[in-house]
Number of protein chains: 2
Amino acid sequence: MDNSLALTRIKETITRNGELFDSLAQLYKIFADSSRVKILVALTQSEMCVSEISEFLSITQSAVSHQLRILKSSNLVKTRRDGKNIVYSLTDNHVRTIIDCGMEHVTE
Amino acid sequence: MDNSLALTRIKETITRNGELFDSLAQLYKIFADSSRVKILVALTQSEMCVSEISEFLSITQSAVSHQLRILKSSNLVKTRRDGKNIVYSLTDNHVRTIIDCGMEHVTE
DNA sequence: TGAACATATGAACAATTGCTCATATTTGAG
DNA sequence: CTCAAATATGAGCAATTGTTCATATGTTCA
């Protein structure tokens, strides 16, 4: 073939950095759910506690808690206790960037 | 509450643009698989046919075909026939941008 | 301390997903 | 036209996922 050289180079890159692409897929998996995306979008506007989030999403407080657990264990959000409430907020601006990036494609 | 006004505004935004965020999640769902990410990354380097892709991924030709079908129906890749082969390539640069964006977070 | 509120957690279940296997379909060579 | 190579497709299956329900944990206030 003509481009067999280029292909083996690409193959090398993919197999060598396999774990990196696995992490990448893992990251996108977090954004791949409607509820989680909405939670993250909301948090780009303001920090919020669980009951506030479950108020405007049409899902149970329990469901919100489960999703927040995923977001927290992925280090995308952090928590702070405020009396009886636990306030969630974004850990950094990466989330904002990723959402904006995807938005550009969706709103083409 | 202090910020109830801000909250209702956020709630409005989320519920009003609900379908938009659904599409966003749908988009990320495509990137949320290791095989698909690797295929897309490979295609950022060069156009390739099915057999070439299934060569460096450790999955069946059938599996690759199934994934490419998803990528094509999502308009992320396009096809071109070259003899017996069908050559796949990215439809535009959005894919590149999205991958780069996620990479930045993964390789922090 | 006890009642009420806010959040977390575990079990269970339906739905989705990505793969393999077997089998079409399409194309080029002879 | 026939055969082999390349790709597509459908059925079936195991694994994962997102939700709900019930319940546990933790905090405030009286």
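Side chains are part of it too, since the values below use all heavy atoms of this structure and drop only hydrogens, waters and symmetry mates. Protein chains get the first letters and strands the later ones, always in sequence-line order, with residue 1 at the start of each.
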*asked:* Tell me whether the side-chain N/O atoms of A:Tyr88 come closer than 4.0 Å to OP1 or OP2 in C:dA8.
replied: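 Checking C:dA8 against A:Tyr88, a side-chain N or O does come within under 4.0 Å of OP1 or OP2.
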*Is the shortest side-chain N/O distance from A:Ser65 to OP1 or OP2 of C:dT7 below 4.0 Å?*
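False: A:Ser65 side-chain N/O out of range (4.0 Å or more) of C:dT7 OP1/OP2.
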Nucleotide nearest [X] (side chain, heavy atoms from C-beta), chosen from [options]:
X	options	value
A:Ile86	D:dT7, C:dA8, D:dT19	C:dA8
A:Arg69	C:dG10, D:dT19, C:dT7	C:dG10
A:Arg81	D:dT17, D:dT20, D:dT27	D:dT27
B:Gln61	D:dT9, D:dT7, C:dG10	D:dT7
B:Cys49	D:dG18, D:dT7, C:dC5	D:dT7
A:His66	C:dG10, C:dC5, C:dC19	C:dG10

*Are B:Asn75 and B:Thr91 close enough that a side-chain donor and a side-chain acceptor fall under 3.5 Å?*
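No, no side-chain donor-acceptor contact under 3.5 Å.
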Whole-Å distance between [N] [atom2] and [X] [atom1]?
X	N	atom1	atom2	value
B:Leu71	D:dA8	CG	C1'	15 Å
A:Gln67	D:dT20	CD	P	10 Å
A:Asn85	C:dA8	CG	P	10 Å
A:Asp33	C:dT16	CG	P	13 Å
A:Asp82	C:dA6	CG	C1'	12 Å
A:Phe31	D:dT17	CZ	P	16 Å
A:Ile53	C:dA6	CD1	C1'	13 Å
A:Lys38	D:dG18	NZ	C1'	13 Å

*So, does the side chain of B:Ser62 form a donor-acceptor pair with the base of C:dC21 at under 3.5 Å?*
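It does, because a donor-acceptor pair links the side chain of B:Ser62 to the base of C:dC21 below 3.5 Å.
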_Separation of A:Leu71 CG from A:Arg36 CZ (nearest 0.5 Å)_ =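 One finds 6.5 Å between CZ of A:Arg36 and CG of A:Leu71.
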*How many angstroms lie between atom CE of A:Met48 and atom CD1 of A:Ile39, to the nearest 0.5 angstrom?*
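The CD1 atom of A:Ile39 is 9.5 Å from CE of A:Met48, to the nearest 0.5 Å.
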*Relative to each other, are the rings of B:Phe31 and A:Tyr28 parallel, tilted or perpendicular (30° and 60° limits)?*
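B:Phe31 and A:Tyr28: tilted rings.
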*Would you say B:Val50 and B:Gln61 make side-chain contact, with heavy atoms under 4.5 Å?*
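Of all side-chain heavy-atom pairs linking B:Gln61 with B:Val50, at least one is under 4.5 Å.
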*Select from A:Lys84 and A:Arg36 the residue whose nearest nucleotide in DNA chain D is closer to the 5' end of that strand.*
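On the 5' side of the pair lies A:Arg36.
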